[in-house]
2 protein chains.
Amino acid sequence: MTSTHPHERDDSPRARVLAAAADVFAKSGYAGARVDEIAAVAGVNKAMVYYHVGDKSHIYALVVGERVDRMLSVLRDAIAHGTNAEEKLRTAIAAMTASASANPQFAPMMLREIASGGAGLPPEILGKAASVFELFRTILDEGRREGLFRPVDPVSTHMMIAGVVMLLSAGAPIRARLRAAGGSRRTPGTENLADNVFDLVIHGLRAGTDPAASTQSAKGRKP
Amino acid sequence: MTSTHPHERDDSPRARVLAAAADVFAKSGYAGARVDEIAAVAGVNKAMVYYHVGDKSHIYALVVGERVDRMLSVLRDAIAHGTNAEEKLRTAIAAMTASASANPQFAPMMLREIASGGAGLPPEILGKAASVFELFRTILDEGRREGLFRPVDPVSTHMMIAGVVMLLSAGAPIRARLRAAGGSRRTPGTENLADNVFDLVIHGLRAGTDPAASTQSAKGRKP
DNA sequence: GTCTATATACCGATAGAC
DNA sequence: GTCTATCGGTATATAGAC
């Protein structure tokens, strides 16, 4: 809140602490995170952590809230640029994947929060998570009205999309370990990740079981 | 290892500690779990925890390993009863859903492990997680050979299935909190959960058998 | 604003009586 | 096998000098 100019990169102690805290919380969770480590990663004295930001739980609420806000605005933005439900879903999945990739702390933190049942999370942040679900439900309803989508369970659908995005993002290191241990099978080709996910999801949603593919797969697969 | 008869219900101190530990680790994670709480939930003295089972990390490895084994055997069992790939996938998803529902500790523990990158997890257990992935890849390959499934990215597909199963299981309490806070929207109908998931997944996988559909539905752009 | 030193509390693990 | 009491280590948070 004490920023001089919004357009210049913020490397104030406060910002450095928050950035470091996001890394440490993502890696170790709230209970596993050490304030000493946050201070060390931020390159500031531990007392400065308390002076510039606050105690551990306060830092955590700030960091988590910021990431949820970021994902929410990215999602709203993506949905605004879409002519129909399918297009909105495509841009939404692409935006989620890009945002999760650009903010590797998001998925681990969310997965841990889900595992904890959201205990110790401010109700305000819970509400934002709920509005993410509402966004998806709106797209599904719209696609159904447009005749593009089959009627599906919105909860399962949302969990499927959120699940694959977060597991692909957060699961990258564990897959790397498995590849290293298992003798390096092959590269899972996570480059066009959003396309793969959208391809699966849209085929699951489309009304009337489409023959030809959606965006990229199914090259000339014709009898 | 000191069981008298395998068919009688085990309520030995050791078994009670392991059951309690699963609950506490699922709720709070490894770092957040307290040995005192495990002892209290198990109804035994804290010293008995160490005497009958071992220290915290040993308990954790036992509990996690047991749940992974359970899921793996349930999956193998389900796949054995299936005539083709689609049938195997259907029974596999049903078995995963049922197992996750019967063992509510599984999903939270796995989500946390993924968030941690599997750090502090015995390589043996990592290998079992890898063989779960291999099971799914085998089904997908088989379905492709049978002409039932489209060619899809096995990693994304597996993450999608595992994601929706675990998020629906672990996310139950957080959804309940959101319902309570949001004025109780509606019941998400999680009764026939496995059917909903399989319905979405199989529509995403099925090879295009029906050439009649709304053609221009996909991307609004054209060369 | 920044650092050192420390208060305070908690937690994992064990010693030792019974 | 079971319990009490406690040791040793570590974590959060702050007081106080500069």
Side-chain angles (χ1 to χ4, degrees), chain A residues 1-5 8-65 109 112 116 119-122, chain B residues 1-5 8-65 109 112 116 119-122:
Chain A
M1 302 307 183
T2 335
S3 69
T4 53
H5 300 295
E8 64 187 29
R9 187 64 135 243
D10 194 359
D11 75 336
S12 63
R14 180 184 170 91
R16 290 221 312 280
V17 166
L18 288 176
D23 285 339
V24 176
F25 283 133
K27 188 189 64 176
S28 310
Y30 179 79
R34 299 290 164 242
V35 178
D36 293 85
E37 188 182 359
I38 293 176
V41 172
V44 303
N45 187 276
K46 177 165 66 160
M48 290 299 95
V49 171
Y50 291 89
Y51 179 80
H52 285 291
V53 189
D55 67 12
K56 191 180 174 182
S57 66
H58 188 221
I59 302 174
Y60 184 72
L62 286 177
V63 166
V64 173
M109 295 195 316
R112 279 187 227 268
S116 313
L121 210 64
Chain B
M1 303 300 183
T2 336
S3 69
T4 52
H5 300 296
E8 64 187 30
R9 188 64 136 244
D10 194 357
D11 75 336
S12 62
R14 179 185 171 91
R16 291 219 313 280
V17 166
L18 290 176
D23 285 339
V24 176
F25 282 133
K27 187 189 63 172
S28 310
Y30 179 78
R34 302 289 163 242
V35 178
D36 293 84
E37 189 182 358
I38 293 175
V41 172
V44 303
N45 188 275
K46 178 163 68 158
M48 290 298 96
V49 172
Y50 291 90
Y51 178 82
H52 285 290
V53 188
D55 65 14
K56 193 181 174 182
S57 66
H58 188 219
I59 302 174
Y60 184 72
L62 285 177
V63 166
V64 174
M109 296 196 314
R112 277 186 227 269
S116 314
L121 210 65

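Everything numeric here is computed off the predicted structure, so don't read it as measured data. Protein chains get the first letters and strands the later ones, always in sequence-line order, with residue 1 at the start of each.
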Which residue in the set A:L62, A:V63, A:V64 passes side-chain contact (heavy atoms from CB on, under 4.5 Å) when paired with A:Y60? A:V64
Between [atom2] of [N] and [atom1] of [X], the distance in whole Å:
| X | N | atom1 | atom2 | result |
| --- | --- | --- | --- | --- |
| A:K56 | D:dT10 | NZ | C1' | 12 Å |
| B:R14 | D:dT2 | CZ | P | 14 Å |
| A:H58 | D:dT14 | NE2 | P | 13 Å |
| B:Y30 | C:dC11 | OH | C1' | 12 Å |
| A:Y51 | D:dA13 | OH | P | 18 Å |
| A:I38 | D:dA11 | CD1 | P | 13 Å |

Are the side chains of B:F25 and B:I59 in contact, using a 4.5 Å heavy-atom criterion? yes
Would you indicate whether the side-chain heavy atoms of B:R14 and B:M48 approach each other to under 4.5 Å? no
Students often get this wrong, so: under 4.0 angstrom with heavy atoms, is A:A39 touching a base, only sugar-phosphate, or nothing? nothing
Need one value for A:A31: base, sugar-phosphate or nothing, where a base atom within 4.0 Å counts as base even if backbone is also close, heavy atoms only. nothing
Closest-nucleotide mapping onto DNA chain D: is A:K46 or B:M48 further toward the 5' terminus? I mean the 5' end. B:M48
Of A:N45 and A:R34, whose nearest nucleotide on DNA chain D comes first from the 5' end? A:R34
Enter the distance from B:I38:CD1 to B:K46:NZ here, rounded to the nearest 0.5 Å. 11.0 Å
Look at the side chain of [X] and decide which nucleotide, out of [options], has an atom nearest to it.
| X | options | result |
| --- | --- | --- |
| A:H52 | D:dT4, D:dT12, C:dT2 | C:dT2 |
| B:D55 | C:dG12, C:dA13, D:dT12 | C:dA13 |
| A:A47 | D:dT12, C:dA13, C:dT4 | C:dT4 |

A:V44 vs A:R16, side-chain contact (heavy atoms from CB on, under 4.5 Å): CA-CA, chis, key distance, verdict: CA-CA 8 Å; A:V44 303; A:R16 290 221 312 280; 3.4 Å; yes
Any B:Y50 side-chain nitrogen or oxygen under 4.0 Å from OP1 or OP2 of C:dA13: yes
